[in-house]
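Take a look at the structure set out below.
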There are 2 protein chains.
Amino acid sequence: MRNAEFDREQVLRGAMAAFMHKGYTKTSMQDLTQATGLHPGSIYCAFTNKRGLLIAAIEQYQQDRNLQFNHLFASGNNVLANLKSYLDGIVVECLSCDSGQACLLTKALNEIAEQDDEIQGIINQNLQSWQRALSEQFEAAQQYKKFEGERNSEQRAHYLMMGIYGLRTFAHTHPQAETLQQLADQLFIEVCR
Amino acid sequence: MRNAEFDREQVLRGAMAAFMHKGYTKTSMQDLTQATGLHPGSIYCAFTNKRGLLIAAIEQYQQDRNLQFNHLFASGNNVLANLKSYLDGIVVECLSCDSGQACLLTKALNEIAEQDDEIQGIINQNLQSWQRALSEQFEAAQQYKKFEGERNSEQRAHYLMMGIYGLRTFAHTHPQAETLQQLADQLFIEVCR
DNA sequence: CTCATTCTTGAATGTACGTTCAAGATATTA
DNA sequence: TAATATCTTGAACGTACATTCAAGAATGAG
């Protein structure tokens with residue numbers, strides 16, 4: 001008989017930002033009411049829990065990332081150039097560390113790992129789907145370039161993910177454009193070898 | 001007129017384990033009294049704070065790691081073989097994830113980053129010294145093998161650190177020996193190219 | 001043995017947090 | 001417009017936490 005007043009996506013992006021900035025545990029409900037513009041009661045009505053809000057935020061994060069990913073790789077050809085752009089984008093993201101622009105998935109993974117099986121499972125699923133998407137790109141890339149190495153697409157995806165995880169952590173201690181860019185370039189060369 | 005009864009190193013290793021397992025924020029004082037065998041009052045007397053205990057634990061961690069590192073690389077020759085062993089050791093460590101065997105430095109870095117400047121600084125210093133140690137090994141390695149690539153030792157150290165960070169995170173979602181070992185092998189090949 | 005000093009103990013304290021809920025506001029239906 | 005259903009509000013609640021402190025125990029000096 002009456003619709004919710006708030007914009008769910010906007011609320012979730014606010015929560016996302018808060019969780020990414022402070023981490024799950026250190027983000028208080030007060031932080032979240034401020035970040036989402038919702039009062040405690042509304043949050044509990046809509047998401048059950050602080051934990052439920054995190055889960056919903058992760059879902060939204062994944063959806064946003066998927067859209068962005070698909071958009072970037074939409075152009076049928078030039079797969080490797082797209083991959084390079086993708087990596088460069090991550091470097092830029094690491095540098096714009098105004099408010100701890102980490103990946104929500106890995107941030108939550110590092111914090112919750114081995115504590116909350118359900119969330120762990122959700123994150124794993126999302127990272128798996130990311131891995132699959134990367135694998136597909138490497139598969140497609142083979143039509144444009146014959147790789148020297150004898151690794152399959154999944155192994156390349158694994159290596160790239162490892163590199164991106166590492167790049168993000170490394171950026172915390174070395175937030176310099178040239179250093180990060182050089183690492184990303186090297187990573188790109190290596191993963192396409 | 002009276003000496004402390006507890007063994008400082010033993011206490012700090014207990015605290016280390018607790019912090020690595022649950023993360024700083026989620027480790028309660030109760031956890032810490034259990035992990036260290038000390039009562040709250042003693043902890044506050046000896047380390048001022050929960051935060052002070054973390055700082056002391058990080059210091060101890062670094063000292064332990066340094067010892068281990070120096071021991072492994074003590075043999076004057078065979079630098080590259082040592083490096084390989086070092087990486088293999090990390091893989092093993094990632095797999096023995098009984099109780100979240102992460103690196104305390106990166107764990108704290110991911111959790112505290114941009115929140116506590118002093119701790120951030122301490123971690124940065126420790127990671128810098130690790131980087132220097134790795135650089136030195138690559139420098140020494142040049143006497144045994146001429147690298148193809150035109151990267152300097154510092155750049156190789158950077159890349160290796162990125163890889164190790166990434167490997168540790170990757171292990172959370174793929175705790176399988178062959179997958180991790182393959183990534184470590186690939187990383188070793190790449191960093192020595 | 002006695003005293004002085006230091007360390008240990010763990011219950012008590014204040015605070016900050018996640019969560020609840022009943023009253024109020026608003027929109028839709030008839 | 002009246003009735004009803006739903007959403008919003010934010011103060012109040014219980015709990016769990018980091019921290020304190022005063023009393024007790026142990027050590028070394030004289």
Side-chain angles (χ1 to χ4, degrees), chain A residues 1-58 60 104 107-108 111-112 115-119 122, chain B residues 1-58 60 104 107-108 111-112 115-119 122:
Chain A
M1 298 294 171
R2 193 188 159 195
N3 296 323
E5 287 177 0
F6 62 83
D7 175 353
R8 190 182 159 95
E9 293 197 2
Q10 188 178 320
V11 162
L12 289 180
R13 296 214 180 85
M16 257 170 50
F19 285 136
M20 289 195 292
H21 186 54
K22 285 196 160 191
Y24 175 70
T25 312
K26 273 223 139 190
T27 302
S28 67
M29 280 312 281
Q30 204 170 346
D31 292 332
L32 289 171
T33 58
Q34 194 162 359
T36 60
L38 259 49
H39 291 249
S42 301
I43 293 181
Y44 280 81
C45 177
F47 306 104
T48 321
N49 246 346
K50 179 182 167 186
R51 184 169 168 280
L53 182 55
L54 174 67
I55 292 176
I58 288 176
Q60 183 66 45
L104 181 58
K107 180 111 185 167
E111 187 177 346
I112 318 286
Q115 305 261 76
D116 187 321
D117 286 345
E118 189 190 349
I119 291 186
I122 291 172
Chain B
M1 297 293 173
R2 194 187 157 195
N3 297 324
E5 285 178 1
F6 61 85
D7 175 354
R8 190 182 160 94
E9 293 198 4
Q10 188 177 320
V11 162
L12 289 179
R13 294 214 181 85
M16 258 170 48
F19 284 136
M20 290 195 293
H21 187 54
K22 286 197 161 193
Y24 174 70
T25 313
K26 274 224 138 188
T27 303
S28 67
M29 280 312 283
Q30 204 171 346
D31 293 332
L32 289 171
T33 57
Q34 193 161 0
T36 60
L38 258 51
H39 292 251
S42 301
I43 294 182
Y44 280 81
C45 177
F47 306 103
T48 323
N49 247 345
K50 180 182 167 187
R51 183 169 169 279
L53 181 57
L54 174 66
I55 292 177
I58 287 176
Q60 182 68 44
L104 180 59
K107 181 112 186 167
E111 187 177 346
I112 316 286
Q115 304 261 76
D116 187 320
D117 286 344
E118 189 190 348
I119 291 185
I122 291 172

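- A straight line from CZ of A:F47 to P of D:dC7 spans 13 Å, rounded to a whole angstrom.
- No side-chain heavy atom of B:Y24 sits less than 4.5 Å from a side-chain heavy atom of B:K107.
- Salt-bridge annotation for B:E118 and B:R51: present, with a side-chain N of the basic residue lying under 4.0 Å from a carboxylate O of the acidic one.
- Computed from coordinates, the B:L38 CG to C:dG10 P distance equals 12 Å when rounded to whole Å.
- Side-chain atoms of B:T36 come within 3.5 Å of backbone atoms of B:L32 as a donor-acceptor pair (strictly under, hydrogens ignored).
- Put simply, NZ on B:K50 and CE on B:M29 are 8.0 Å apart, with the number rounded to the nearest 0.5 Å.
- For the pair A:V11/A:F47, a side-chain contact is recorded, criterion being any heavy-atom separation below 4.5 Å from C-beta on.
- When the side-chain nitrogen and oxygen atoms of A:H39 are compared with OP1 and OP2 of D:dT8, none of them lie within a distance under 4.0 Å.
- Spacing between atom NZ of B:K22 and atom P of D:dA18 amounts to 10 Å, rounded to whole angstrom units.
- As a whole-Å value, the separation of B:L53 CG from D:dA18 C1' is 13 Å.
- Checked by atom type and distance alone, the side chain of B:E111 pairs as donor or acceptor with a backbone atom of B:T25 at under 3.5 Å.
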Contact state string [nucleotides 12-25 of chain C, B base, S sugar-phosphate only, - no protein heavy atom under 4.0 Å]: -----SSBBB---B

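- Spacing between atom CD1 of B:I43 and atom P of C:dC7 amounts to 16 Å, rounded to whole angstrom units.
- What separates CG of B:D31 from P of D:dA16 is a distance of 13 Å, to the nearest Å.
- Rounded to whole angstrom, the span from the CZ atom of B:F6 across to the C1' atom of C:dC7 amounts to 9 Å.
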